[in-house]
Amino acid sequence: MAATVTAPPAPPARHLLRARDHVDKHYADAALDVPALARQAHASPAHFSRCFRETFGETPHQYLQTRRIERAQELLRLSDLTVGEVCVAVGYRSLGSFSATFKRTVGVSPTVWRDQVRGEALVARIPSCFRREWQRPRAVPDTTR
Amino acid sequence: MPNLKVAILCAMVGDQDEALAWYTEKLGFEKRTDVDAGGWHWITVAPPGQNDFEISLIDPSVRPDIEPDVRSLMARGGLNGIIIQTDDCRAAYAELVAKGVEFTSEPEEVFYGIDCGFRDPFGNGFRLTQIADVPAPVPSS
């Protein structure tokens, strides 16, 4: 029986990684959302979201949310900013939305989480680029679909 | 214990010619070796003045069995790890931006100095780091 030969899958387009990098760089911009990312990638939001999820295993909305929460955790752990200031610093317009997303993602409120991790400042000795990858929460339910 | 040191790092690239141009024209590295090995090339580059370390630019087609996986990882930003040191991160950042290098983050003060990130044309990630003379204190708990 002849072996079935399948062509290797094409590597994901570079523009998707650019979009992911754009989130990492501009997460603090409250105007940054999936339609804005899709426009930059010259794709419709639906097509862009589908391709992004196929490539990275999560939607761009989930990636943006988890990046913002990861940055919020970093500020709560290492800075003296208030929860409200952290909320604005990571790109949320509403404290209620920030707190709800934080609790849904992390399991506790920002204030409780800060109290829990205050004794873990030594983590600051890990290079920031690795902390960003390692600390980013992985499971935020996507409420945009 | 044996006397060991790192001499060559093999970096996967999407295209050897494009990679060589990028390393030499954008980063200012020198080409140290370019040997036609019969269908593929052994190419190494290194920063000027650094004589005990080279980066070998490897085309993943040398391993057809894993080439699609390597290319996919590269394109998804999954191959990172080269940290380049500079004595002035902000100046190097400005110079490389002007040359069209794609940065993933702007220079940021961190406990070990000043740091930012960029990618090669294939998606490989790099860090550009200026080491502080004295590391910042750990935030109080």
Side-chain angles (χ1 to χ4, degrees), chain A residues 5-29 40 51-58 60 63 67 70-71 74-81 89 114-134 136, chain B residues 12-15 18 60-61 63-85 93 97 101-129 131-132 135-141:
Chain A
V5 178
T6 54
R14 185 77 167 79
H15 72 279
L16 293 171
L17 181 57
R18 283 200 182 95
R20 194 173 185 271
D21 288 341
H22 189 82
V23 171
D24 288 346
K25 205 170 175 181
H26 299 286
Y27 63 88
D29 179 357
Q40 194 180 51
C51 292
F52 193 100
R53 188 171 56 177
E54 285 170 2
T55 300
F56 299 115
E58 60 191 326
Y63 188 75
R67 173 57 67 219
E70 179 273 325
R71 289 289 85 193
E74 178 88 345
L75 291 173
L76 290 166
R77 186 199 300 271
L78 299 176
S79 79
D80 293 322
L81 295 178
R114 170 176 262 172
D115 290 342
Q116 288 175 350
V117 301
R118 271 302 193 179
E120 300 176 12
L122 275 177
V123 77
R125 285 294 179 213
I126 300 170
S128 55
C129 54
F130 288 98
R131 283 209 311 275
R132 279 192 177 211
E133 291 303 324
W134 161 57
R136 189 172 67 84
Chain B
M12 291 290 180
V13 297
D15 178 278
E18 190 179 351
S61 64
R63 282 286 307 274
D65 55 328
I66 59 169
E67 181 183 359
D69 297 324
V70 172
R71 289 191 184 280
S72 175
L73 272 175
M74 252 193 289
R76 285 183 287 155
L79 298 182
N80 303 318
I82 298 180
I83 300 175
I84 296 174
Q85 198 171 319
Y93 168 82
V97 165
V101 173
E102 224 172 287
F103 273 80
T104 56
S105 62
E106 294 174 3
E108 172 190 21
E109 292 201 20
V110 288
F111 74 90
Y112 47 86
I114 304 174
D115 178 77
C116 57
F118 61 97
R119 293 197 189 281
D120 72 9
F122 318 107
N124 293 314
F126 296 75
R127 302 304 300 180
L128 179 63
T129 301
I131 301 295
V138 176
S140 58
S141 58

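Just so it is clear, the structure is predicted and the values come from calculations on it, not from any experiment. Sequence lines set the chain letters: A, B, ... in the order given, protein chains first and strands last, and positions in each chain run from 1.
Highest contact tally toward chain A, considering only B:E67, B:M74, B:R76, B:E106, is held by B:R76 [criterion: heavy-atom pairs under 4.5 Å]. The residue among B:G125, B:G123, B:S105, B:G117 with the most heavy atom pairs within less than 4.5 Å of chain A is B:G123.
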Audit row: B:E102, A:R18, side chain to side chain contact (heavy atoms under 4.5 Å, CB included) steps and yes/no: CA-CA 9 Å; B:E102 224 172 287; A:R18 283 200 182 95; 2.8 Å; yes
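More than 12 heavy-atom neighbours from other residues, nucleotides or ligands sit within 6.0 angstrom of CD on B:E108.
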